[in-house]
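Only one structure is covered here, and it is reproduced in the block below.
Being a predicted model, the structure only gives us computed values, none of them experimental. Just so it is clear: chains get the letters A, B, ... in the order the sequence lines come, proteins before strands, and each one is counted from 1.
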2 protein chains.
Amino acid sequence: MTRDATRTLARSKARSEATSARIIAAARTLFVAKNYADVTTDMIAGAAGVTKGGLYHHFPSKEQLYISMILDDLDRKRRLFEQAVAAQGNCRDRLAKLTRDFLEQPDEERKLARLVRRDINIFTGEERDRLVRAYQLALPEQIEAIIREGIEDGELAPGDPRILSWSFVALVEVVIGRYANHVLGSTEARLDHVLELFFDGAGAKPTGGTE
Amino acid sequence: MTRDATRTLARSKARSEATSARIIAAARTLFVAKNYADVTTDMIAGAAGVTKGGLYHHFPSKEQLYISMILDDLDRKRRLFEQAVAAQGNCRDRLAKLTRDFLEQPDEERKLARLVRRDINIFTGEERDRLVRAYQLALPEQIEAIIREGIEDGELAPGDPRILSWSFVALVEVVIGRYANHVLGSTEARLDHVLELFFDGAGAKPTGGTE
DNA sequence: GATACGACAGACCGGTCAGTCGGTAGGTAA
DNA sequence: TTACCTACCGACTGACCGGTCTGTCGTATC
């Protein structure tokens, strides 16, 4: 094979990958806006600037396209989280930083986890389990690592790190990320509230009625 | 109109209402198990012991049937919550009781809120907004009332009752109700953890590093 | 310039499903 | 007996959608 041939093949491959990426991006936008059943392959193809035939040239089925989109996103999320876990500092600051990084992602990507929960039932068997685990457990497991260290360092009271990590995720997800957008103040203010509640509780502090 | 005629009409009406109720019950079971798009009107009709024609005799469309099912459920939930809000006792006990009552509902009914979040996008415009408000806000608003009283009585530290009610809902929903079933201990134990965390926080208590 | 190949187009097919419509059964009214 | 009403049946339709298949076109090799 000559050098020119190699270059041509590389160009063709690059073009093909660019189209795949465009299709995945179009799929992500549409799936987030609507849902699996309401998004047709024609719509995705149209938004990506190809036809249905072109789409099926790159992906064997609508379902596999969906999975490819998810795996693509998971990869980026994992990198984000690994970075945060490896960071220095005390437990509270690291949790705050991780949460801030998470919230600074583009809206569309933040919504993907919700998307997966919503549409997960189109899959069955082990494929489904794999996706559920990958998405649901990615965040809590990373947080659990931070919290475990917080307990070891005495920054947190001894307790089950699993319960604590789930609790923290719950607070972040619901109070900051999901419902409360239309009800409460800024994201930063809500993050402060959540950290306050998580570390210090809501009980009246002056009277100090512990137990 | 004779007395017999009246009785006959009443009997006919009762029969009709029983069929409607059967259809709604069948729809609930199926919609919870699958989702809106994957449940066909034939399946619902079959499960309710009527044909599709019969179903369309009682409901003008699949969408309206779905809405009827939701309104039917909301009605029962509202009664449950009103009861809890009106109860006596301190803040912590009332929240515990309300949560326990909520969790004691049949599994199928507890899953309805999730269902609505999952399928909400089939609706548009004001119908959608109405449903979102009705479902998302029902729980926090009732809890907010209890928390507000807790703050007034000094059982809780002064703070924004809205943030606190959303936080409590978050903890209950995620730690107890949703994700953690396969990971953590019994419902009762998890409820204790949540109450503990909510009222006392996760910070190390011996060293007491508040501020 | 003949051959080959990969990317993509777009018409088409098979199946599915919400909704319709003409009917029937069984009771009531005149 | 006729006319009517309500609940319900079930065959049917029309639209839509996932997936296929037969090209076409640009590029590259020989």
Report the nucleotide, chosen from D:dG18, D:dA7, C:dG19, that has the shortest atom-to-atom distance to any side-chain atom of A:Y56. D:dG18
Could you check whether B:R100 pairs with B:E188 (Lys NZ or Arg NE/NH1/NH2 to Asp/Glu carboxylate O, under 4.0 Å)? yes
Close N/O contacts between protein and nucleotides 9-12 of chain C (under 3.5 Å):
residue, atom, partner, partner atom, Å
C:dA9, OP2, A:T51, N, 2.5
C:dA9, OP2, A:T51, OG1, 2.9
C:dA9, O5', A:T51, OG1, 3.3

Decide whether a cation-pi geometry holds between B:K62 and B:Y36; the criteria are a distance under 6.0 Å from NZ or CZ to the six-membered ring centre and an angle within 45° of the ring axis. yes
Salt-bridge test for B:D93 and B:K97: reply yes if a basic N is under 4.0 Å from a carboxylate O, no otherwise. no
Determine: side-chain N/O of B:T19 to OP1/OP2 of D:dA7, distance under 4.0 Å, yes or no. no
Can you check the B:I44 CD1 to C:dC17 P distance for me, whole Å? 12 Å
So does B:M69 get a backbone contact from the side chain of B:R28, meaning a donor-acceptor N/O pair under 3.5 Å? no
Looking at B:H57, I'd like to know whether one of its side-chain N or O atoms comes within less than 4.0 Å of OP1 or OP2 on D:dT6. no
Can you name the closest pair of heavy atoms from A:F59 and A:S20 and give their distance? CZ-O, 4.1 Å
How many whole angstroms separate atom NZ of B:K62 from atom P of C:dG19? 8 Å
Name every residue in residues 22-43 of chain B that has at least one heavy atom under 4.0 Å from any atom of DNA chain C, in order of residue number, or write none if there are no such residues. B:V39, B:T40, B:T41
Give the table of side-chain donor-acceptor pairs shorter than 3.5 Å for residues 38-48 of chain A, with sequence neighbours excluded, one pair per line with atom names and distance.
residue, atom, partner, partner atom, Å
A:T40, OG1, A:M43, N, 3.1

Roughly, in whole Å, what's the span from CZ in B:F59 to P in C:dA18? 15 Å
Sidechain-backbone polar pair: B:E149 side chain, B:I146 backbone, donor-acceptor under 3.5 Å: no
Do A:F31 and A:L112 come within less than 4.5 Å of each other through their side chains, counting heavy atoms only? no
